[in-house]
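What follows is one structure encoded as structure tokens, with my remarks underneath.
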Amino acid sequence: AALRKLGGDYILDTNFGADMTIMEEASELLERVINSDAVLPQFTSCCPAWVKFAETFYPEFLPNLSTAKSPIAMQAPTQKTYFAEKMGLDAKQIVAVAVTPCTAKKFEIRRDEMNSSAEYWDTPEMRDTDYCITTRELAKWLRAEEINFDDLEDSAFDPLMGEASGGGIIFGNTGGVMEAAMRAAYKMATGEDAPQTLIPFEAIRGMDGAREADVVIGDKTLHVAAVHGTGNLRKFIEHMRAENIHYDFIEVMACRGGCIGGGGQPRVKLPMADKAREARIASLYTRDAEVTVKAACDNPDIQKLYAEFFDGKPMSHKAHHMLHTTFVNRSEDLGPTISKAMENSGFAALIARHIIGMSSSMGPYALLAIVFIITNIFTELITNNAAAALSFPIALSVATQLGVDPTPFFVVICMAASASFSTPIGYQTNLIVQGIGSYKFTDFVKIGLPLNLITFLISVFVIPMIWKF
């Protein structure tokens, strides 16, 4: 009702899009498990922050990512094709607005490949999703329009693409995608409803950083896991590699608690943040318990959509073209290419000569201090990896022109690049802390500058004592 009050003509449930994602993702998983040559484990790809994280830091896992799009990325092109045709609408006049708890969705909808509806209608300028606003932005909009929920009558989603299964409902919390996928995969593979061990799937539920379980589907036993938070993910991957553990399916959500803890959600101050996440998760499980249809493949509206539009089944040619995507190796964003260019072009040597010229009478200690300051400024504005990559060729040129061992300069770069204390934008954890704690930019400056100074003094004086020039 509130969205209609704001001007929405048709209001559809994103959980329906979650059911679509499960149909494709579960089908893809079954194909990979059956095909002995397929790449395993299969990682979920519905979290755009995780997808970009993988593209940047773990490009070797891109073949493991499910090619299934996220719920809004599936629902939007289907709205501008199937929904438009069924409702007699001009797709070119549809403005698709997604309301999400996720700030990374704003990046996702602008990815070049999110234009399936444009290809369908041969209209290059068309985008699948036109705008994305967060739940917090929606709340501000409602407040600005003076819309009060207490004054509104209850209103249902529009039919055709409005109803979701229990699996679609729990999609938004950590472990929910895994549970929804296992419900659907079991039904697809065996023709029988998922057993009580999967509804609820207690082994995967909860707020532990990583949970895992074995799922028996027919004559196959799948080893599965659910991970939330990129810090937990790094530890999980390191452990998986170190112990050579085989997994068939891994759910990853970048935000703690899953989508319900997304960066666009209303802010909750510590230490109540986890309590808020747990309450949101509990509400989704309560709603799941209230609905009759538990698996996406049993949703009558999903069955109708596939029968009428996607050639009768998931992973069909039409479904694959519209509901699946590709990924990009973004590891060069971390800076090594820039570093190499600086070195090859002579720009690093030029900067080094200027640094030496300005402080030639001060000796290597002064130059070490300057390298620390330059690197530290970089790391407060960009990632620590990029800061180190930019400073490395400069430090190498300085050491070479001085005729000293470059090791102290390299160690100083490591320290300076890791000392991102004074701004919230230099390191992702700082941004998370700023959001959760509602801190201001100036709060980081007040606390961070003294820490930067302490790190600077210790590094410049102690490092040359251990690693000689």
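Remember, it's a predicted structure, so these values are computed and weren't measured experimentally. Residue indices begin at 1 and follow the sequence shown.
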TODO: Nearest 0.5 Å please: distance from the CG atom of Asp298 over to the NZ atom of Lys187.
DONE: 3.5 Å
Task: side-chain contact (heavy atoms from CB on, under 4.5 Å) assessment of Tyr131 paired with Val95 - done: CA-CA 8 Å; Tyr131 299 98; Val95 177; 3.8 Å; yes
Task: Backbone of Pro314 reached by a side-chain donor or acceptor of Glu24 within 3.5 Å - done: no
Open item on the list: Using modelled atom types and a 3.5 Å cut-off, is there a donor and acceptor pairing between side-chain atoms of Ser66 and backbone atoms of Ala68?
Closed with: yes
- [ ] State, to 0.1 Å, how close Thr375 and Ser391 come at their nearest heavy-atom pair, and which atoms those are.
- [x] OG1-OG, 2.8 Å
Task: Exercise: do Thr134 and Lys105 side chains pair donor with acceptor under 3.5 Å - done: no
Task: Pairwise distance CD(Gln79) to CE(Met74) - rounded to 0.5 angstrom - done: 13.5 Å
Open item on the list: Quick check against the 3.5 Å criterion: does Asn64 have a side-chain atom that pairs as donor or acceptor with the backbone of Phe43?
Closed with: no
Open item on the list: Is it true that Asp248 and His223 share a donor-acceptor pair across their side chains at a distance under 3.5 Å?
Closed with: no
Task: Ring-face cation contact, Tyr10 with Arg4, 6.0 Å cut, 45° max - done: no
Task: Atom pair CD (Glu163) and CZ (Phe16), whose distance is rounded to the nearest 0.5 Å - done: 9.5 Å
Task: pair Leu40-Phe249: side-chain heavy atoms closer than 4.5 Å - done: no
Task: His228 and Glu251 side chains, donor-acceptor separation under 3.5 Å - done: no
Open item on the list: Over 60° means perpendicular and under 30° means parallel, so tell me whether Tyr306 and Phe310 are parallel, tilted or perpendicular.
Closed with: tilted
TODO: List the steps, then state whether side-chain hydrogen bond (donor to acceptor under 3.5 Å, both in side chains) holds for Thr129 with Arg110.
DONE: CA-CA 8 Å; Thr129 304; Arg110 293 290 172 244; over 6 Å; no
Open item on the list: Does any part of the side chain of Trp141, heavy atoms only, come nearer than 4.5 Å to the side chain of Ile147, both counted from C-beta?
Closed with: no
Open item on the list: Using the rule side-chain hydrogen bond (donor to acceptor under 3.5 Å, both in side chains), only one of Asp301, Asn15, Asp288, Asp19 pairs with Ser165; which is it?
Closed with: Asp19
Open item on the list: Any non-hydrogen side-chain atom of Phe236 less than 4.5 Å from a side-chain atom of Met240?
Closed with: yes
Open item on the list: Against Asp130, only a single residue in Lys80, Lys92, Lys106 fulfils salt bridge (charged side-chain N to carboxylate O under 4.0 Å, His left out); can you say which?
Closed with: Lys80
Task: Polar side chain donor-acceptor pair, Ser116 to Lys69, under 3.5 angstrom - done: yes
Task: Test item: Arg330 and Pro59 side chains (from C-beta on) under 4.5 Å apart, heavy atoms - done: no
Open item on the list: Can you see whether Ser70 engages Glu108 through a side-chain donor-acceptor pair at a distance of less than 3.5 angstrom?
Closed with: yes
- [ ] With the side chain counted from C-beta on, respond yes when Asp274 and Arg277 share a heavy-atom pair under 4.5 Å apart, and no when they do not.
- [x] yes
TODO: Could you tell me whether the side chain of Arg32 and the main chain of Ala38 form a donor-acceptor pair under 3.5 Å?
DONE: no
TODO: Would you give the length of the straight line joining atom CZ of Arg143 to atom CG of Leu138, rounded to the nearest 0.5 angstrom?
DONE: 10.5 Å
Open item on the list: Looking at every heavy atom in both Ala164 and Asn299, which two are closest together, and how far apart are they?
Closed with: CA-ND2, 3.6 Å
TODO: Assess Lys52 against Phe107: is NZ or CZ under 6.0 Å from the centre of the six-membered ring, and within 45 degrees of the ring's axis?
DONE: yes
- [ ] Could you check if a side-chain atom of Asn115 sits within less than 4.5 angstrom of a side-chain atom of Arg127, using non-hydrogen atoms only?
- [x] yes
Open item on the list: Do Phe53 and Val252 make a side-chain contact, defined as non-hydrogen atoms from C-beta onward lying under 4.5 Å apart?
Closed with: no
Task: Side-chain H-bond candidate by donor/acceptor type, Ser117 with Asp128, under 3.5 Å - done: yes
Open item on the list: I'd like to know if the side chain of Tyr285 pairs up with that of Asn173 as donor and acceptor (distance under 3.5 Å, no hydrogens or angles considered).
Closed with: yes
Task: Interatomic spacing from CD in Glu179 to CD1 in Ile199 - rounded to 0.5 Å - done: 7.0 Å
TODO: Decide side-chain contact (heavy atoms from CB on, under 4.5 Å) for Arg211 and Met178; before the verdict, give the C-alpha distance in whole Å, the side-chain angles of both, and the deciding distance to 0.1 Å.
DONE: CA-CA 11 Å; Arg211 293 89 63 205; Met178 176 62 67; over 6 Å; no
Task: Test log, rule side-chain hydrogen bond (donor to acceptor under 3.5 Å, both in side chains), inputs Glu113 and Thr326 - done: CA-CA 7 Å; Glu113 59 271 21; Thr326 56; 4.8 Å; no
Open item on the list: Let's go through Phe421 and Phe444 carefully: what are the C-alpha distance in whole Å and the side-chain angles of both, what is the deciding distance for ring-ring contact (aromatic ring centres under 6.0 Å, His included) to 0.1 Å, and is it a yes or a no?
Closed with: CA-CA 7 Å; Phe421 304 133; Phe444 283 84; over 10 Å; no
Task: Asn244 side chain to Arg241 backbone, donor-acceptor under 3.5 Å - done: no
- [ ] Would you confirm whether Thr379, through its side chain, and Asn376, through its main-chain N or O, come within 3.5 Å as a donor-acceptor pair?
- [x] no
TODO: Assign the ring pair His324 / His320 to parallel, tilted or perpendicular, where the plane angle (0 to 90°) is split at 30° and 60°.
DONE: parallel
Open item on the list: Measuring only between side-chain heavy atoms, which start at C-beta, is Gln42 closer than 4.5 Å to Ile250?
Closed with: no
TODO: Decide yes or no on side-chain contact (heavy atoms from CB on, under 4.5 Å) for Leu29 and Leu222, but give the supporting numbers first.
DONE: CA-CA 10 Å; Leu29 174 64; Leu222 308 186; 4.2 Å; yes
Open item on the list: Would you say Glu212 and Tyr247 are linked by a side-chain donor-acceptor pair, where the criterion is simply a distance under 3.5 Å?
Closed with: yes
Open item on the list: Let me confirm one number: the OG-CZ distance from Ser316 to Phe309, rounded to the nearest 0.5 Å.
Closed with: 10.0 Å
TODO: Please step through side-chain contact (heavy atoms from CB on, under 4.5 Å) for the pair Val215 and Ile217, ending with a clear verdict.
DONE: CA-CA 6 Å; Val215 179; Ile217 300 180; 3.8 Å; yes
